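Have a look at the structure below before the remarks.
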Amino acid sequence: MIPDTLGAFIAGCAGTALLPEERAFFARTQPFAFILFARNIVTPDQIRALCSDLRESVGWNAPILIDQEGGRVARLRPPLARDWLAPLDEAARAGDRAAEVFHLRYRIIAAELRALGIDGNCAPCADVMRPDTHEILLNRCYGDTPARVGELGRAVSDGLLAGGVLPVLKHIPGHGAATADSHLELPRVDLAEDVLRATDFAPFAELSDIPMGMTAHVVYAAIEPDLCATVSPRMIDLMRSDLGFNGLLMSDDISMQALSGTIHSRSHAAIAAGCDVVLHCNGDLAEMEEVAEAAGPMTAAAHARAARVIAMRAEDAAGDLDALSAQWEALIAGLSGDG
């Protein structure tokens, strides 16, 4: 069960332990979920204690997310968690067995996360790689065709869910054609709409039943020339109506430099466009106050989607890491044998 009233935002925190002022803010504003970064991570016991304190601050078993794609984007590193190849390299190594490999890989990642108290992962990354995909995204992709990306995105989602971790589909409706880094500037994609629908958008339609999704801070000029997808009612209607995504839709990090204006105005624009929740990552309390005020409480529709998300979280699926690791070693040895 989730509380009747929730704030329409996801929050970070500043450090490795919850500050009294953060605890009071979260109790007052009731964010739907939390997200952790490297600044929040030291030891297993410390991570578990922080997760417990975050949930205690809001009075329920709120989701706690992380970016643990494996490869370059991994907040947990050895000895806290296994190191992985970049997803693109993993897919190349696995060849025709990539779906099997990705399912087990993310089943292991799920077990590692659940052992620390984390139950959400910002994956799969269903962006279709192109020759000019920006390097910030390139090797995080799974392939260069919608079919390959859709197949492996499904394997990632299923592996995480089997391990009791909620997947977050990103970056809807497709970031692969962007040639700029949205952390630093606003990417603009000038491809024709029919090309976008046939290629970049296609995996997101196939994976539209994933419980949570994250928008792309990207302008798709053929459809909406003036606004990036995160703050565009037209683009969010496309995600809902054309691509069929009816999960909980969060913005990408609202503090990224692709967006202009104040944190308050960005957050308000994302909610007004149709995002269910605003994601804020940097842990700055003053900014979070702006986010909470602008986002307000979840709408009834967003709350219903949030309830469906929580209903999909398996509470007893931690998994035996030793057994899973043994399966992984056998699987990888088999790949070598196939070669």
Side-chain angles (χ1 to χ4, degrees), residues 8 10 32-33 35 65 67 69 73 87 120-130 133-134 136-137 140-143 146 149-154 156-157 160 166-178 182-183 186-189 191 193 195-224 227-254 256 258-259 266 269-279 281 301-302 305-306 308-309:
I10 296 171
F32 165 67
I35 187 165
L65 314 179
D67 290 289
E69 298 175 8
V73 177
N121 191 8
C122 296
C125 181
D127 304 304
V128 178
M129 184 188 75
R130 291 177 171 275
T133 297
H134 192 278
I136 195 72
L137 184 67
R140 298 162 59 193
C141 298
Y142 304 156
V149 172
E151 177 192 28
L152 299 190
R154 178 65 63 192
V156 170
S157 176
L160 291 171
L166 295 163
V168 178
L169 177 65
K170 63 186 188 186
H171 306 83
I172 308 175
H175 210 300
S182 58
H183 295 85
L186 178 60
R188 181 183 179 90
V189 169
L191 296 173
E193 182 174 349
V195 173
L196 289 168
R197 288 181 180 274
T199 305
D200 298 75
F201 297 177
F204 293 94
E206 183 176 342
L207 301 171
S208 62
D209 59 329
I210 288 177
M212 291 191 287
M214 178 187 295
T215 63
H217 293 333
V218 175
V219 171
Y220 303 90
I223 304 168
E224 168 58 271
L227 299 171
C228 78
T230 299
V231 296
S232 166
R234 184 180 303 170
M235 291 304 303
I236 290 181
D237 180 68
L238 178 149
M239 297 174 206
R240 296 293 197 195
S241 300
D242 297 5
L243 304 186
F245 182 77
N246 195 35
L248 189 79
L249 186 64
M250 68 181 72
S251 71
D252 202 345
D253 181 13
I254 208 70
M256 289 163 62
L259 303 176
R266 300 176 190 186
I271 294 294
C275 289
D276 292 316
V277 291
V278 174
L279 175 65
C281 294
R305 293 184 185 112
R308 291 197 295 271
V309 166

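Only a predicted model underlies this, so the values are computations on that prediction, with no experimental measurement involved.
For Thr133 (side chain) and Arg130 (main-chain N/O), a donor-acceptor pair under 3.5 Å exists by modelled atom type. The backbone N or O of Ile223 lies less than 3.5 Å from a partner atom in the side chain of Arg234, making a donor-acceptor pair. Under the 3.5 Å distance criterion, the side-chain polar atoms of Arg240 are left unmatched by any main-chain donor or acceptor of Met235. Without hydrogens or angle criteria, Ser232 side chain to Ala229 main chain gives no donor-acceptor distance under 3.5 Å. No side-chain donor-acceptor contact under 3.5 Å links Ser182 to the backbone of Ala258. When atom types are taken as modelled, the side chain of Ser241 and the backbone of Asp237 share a donor-acceptor pair closer than 3.5 angstrom.
Partner of Asp276 under the side-chain contact (heavy atoms from CB on, under 4.5 Å) criterion, chosen from Ile236, Val309, Leu249: Leu249.
Atom CG of Leu259 and atom CG of Leu227 lie 10.5 Å apart (nearest 0.5 Å). Taking CE of Met256 as the reference point, atom SG of Cys281 lies at 8.5 Å (rounded to 0.5 Å). Here OG of Ser157 is found 12.5 Å from CG of Leu152. Values are rounded to the nearest 0.5 Å. To the nearest 0.5 Å, the span separating OG1 on Thr230 from CE on Met214 amounts to 9.5 Å. In this structure, CE in Met250 is found 9.5 Å from OG1 in Thr215, a value given to the nearest 0.5 Å. Expressed to the nearest 0.5 Å, how far SG of Cys275 lies from CD1 of Ile254 amounts to 7.0 Å.
Put simply, the side chain of Val73 reaches to within 4.5 Å of the side chain of Asp67, judged on heavy atoms. By the 4.5 Å heavy-atom criterion applied to side chains, Pro124 and Arg154 are not counted as neighbours. Contact annotation: the side chain of Lys170 approaches that of Arg140 to within less than 4.5 Å [non-hydrogen atoms, C-beta and beyond]. Proximity of His175 to Pro187: side-chain heavy atoms (C-beta onward) are separated by under 4.5 Å at one or more points. Side-chain contact check for Leu248 versus Pro211: every heavy-atom pair is 4.5 Å or farther apart. Counting heavy atoms from C-beta outward, Leu186 and Cys228 have side chains that approach closer than 4.5 Å. Residues Leu169 and Met212 fail the side-chain proximity criterion, which asks for heavy atoms closer than 4.5 Å. For the pair Val156 and Glu69, the minimum side-chain heavy-atom distance is 4.5 Å or more.
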Test log, rule side chain to side chain contact (heavy atoms under 4.5 Å, CB included), inputs Asp242 and Arg197: CA-CA 9 Å; Asp242 297 5; Arg197 288 181 180 274; 2.8 Å; yes
Residue pair Leu243, Leu238: steps toward the side chain to side chain contact (heavy atoms under 4.5 Å, CB included) verdict: CA-CA 6 Å; Leu243 304 186; Leu238 178 149; 3.8 Å; yes
Full working for side chain to side chain contact (heavy atoms under 4.5 Å, CB included) between Val189 and Val219: CA-CA 6 Å; Val189 169; Val219 171; over 6 Å; no
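Phe245 pairs by the ring-ring contact (aromatic ring centres under 6.0 Å, His included) definition with nothing, not counting sequence neighbours.
In this structure, Ala126 and Leu207 approach most closely via the heavy-atom pair CB-CD1, 3.9 Å. Contact detail for Ala306 and Phe32: the closest heavy-atom pair is CB-CE1, 3.7 Å.
In this model, a donor atom of one side chain and an acceptor atom of the other lie less than 3.5 Å apart for His171 and Asp127.
One finds no salt bridge joining Asp252 and Arg266 here, because no Lys/Arg side-chain nitrogen approaches an Asp/Glu carboxylate oxygen to under 4.0 Å.
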